[in-house]
Amino acid sequence: MNTWLLRPFTYIAGSKALLAGWIVMLITSVVAYFSKTHFDGAIDAHVGATLMPYFIYLLEAFIAWGSMVLACYAAAAIFARTSFRLIDIAGTLALARAPLLLIALINFAMPATVDPTAITPMVIVLALICLPIFIWMLVLMYQAFSVSVNLKGNKAVIIFIVALLVAEVFSKALMHFTFPLMTS
Amino acid sequence: MKQIKKTLPLSCPSCASPLKVTSLACEACDTTVSGSFELPLLARLSADDLQFVIDFVKSSGSLKLMAQQLGLSYPTVRNRLDDIIASIEKIEKI
């Protein structure tokens, strides 16, 4: 049970994981649309005050995932000592985003808070519930990277963190420059 | 009486150096051959690793087939093979 929750990629990877991951990402984007949740970055989750067109929620999911795939593939190309496949990186990283569906569902109860002084106890409780789910996603993403490119230990953790930061910056920049063009 | 499954000891329990074969016996005629023989490279792998190599050969070297048979993902099986290759390279250096 623990292995399936924390190391599912021991059992599933490649095209099967990619298909399952894309289906979950699609469902997550629909739920996110109705709960106004933006996954606007490789590791971001925010509740928006205004409703955006649906394709924005879908694009956010695919840009965030695609940025992680690119960053991890580049990191693997530089540091991996053995052969690896893009389909494994893409598939496992898509499925690793599955916990975001829970966050999108929880955010139906989360009020949009723009002013930090207006944070209610309800917001804090929901944020605390979301935190372990978010950590679970990070663990899954690391496992996806580790299993796909056969890197382990401290070196793998450091490489993964750098790839995560690069993906975050890249996805944020991509959304910042492209979304205004699409919504104007 | 419960039969004990014996495993081939690969390293010296005292100093951890690799062990050598010094005696071979024929159970049919009680002939004993003595000397100092190196263990074959594959015999120096752990029992699990050796079983993996046997399964790999039996599946015609197809990692995809092995992954299906073991119920594991392709990269998990490939990583195991990569680890065994690293072990073999380490043994060769000794």
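The sequence lines fix the lettering, A, B, ..., with proteins before strands; numbering per chain opens at 1.
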Does the distance from a Lys or Arg side-chain N to an Asp or Glu carboxylate O, for B/Arg80 and B/Asp55, drop under 4.0 Å?
no
Below 4.5 Å from any heavy atom of chain B, which atoms of [X] appear? Answer side chain, backbone, both or neither.
{"X": "A/Ser146", "answer": "backbone"}
{"X": "A/Thr10", "answer": "both"}
{"X": "A/Thr92", "answer": "neither"}
{"X": "A/Arg81", "answer": "neither"}

Do the non-hydrogen side-chain atoms of B/Phe52 and B/Leu45 ever get within less than 4.5 Å of each other?
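No, too far: nothing below the 4.5 Å cut-off.
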Sort out for me which of A/Asp88, A/Asn150, A/Thr82 touches chain B most, counting heavy-atom pairs under 4.5 Å.
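Between A/Asp88, A/Asn150, A/Thr82, the count favours A/Asn150.
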Top contributor to chain B interface from A/Val149, A/Val147, A/Ile12 [non-hydrogen pairs under 4.5 Å]
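Result: the option with the highest number of such pairs is A/Val147.
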Across all chains, not counting sequence neighbours, the ring pair (Phe, Tyr, Trp, His ring centres under 6.0 Å) partners of A/Tyr11 are A/Trp4
Ring geometry between A/Phe62 and A/Trp65 (parallel below 30°, tilted from 30 to 60°, perpendicular above 60°)
perpendicular
Set out, in order, the CA-CA distance, both residues' side-chain angles and the distance that settles side chain to side chain contact (heavy atoms under 4.5 Å, CB included) for A/Val69 and A/Leu86, then state yes or no.
CA-CA 8 Å; A/Val69 172; A/Leu86 177 62; 3.9 Å; yes
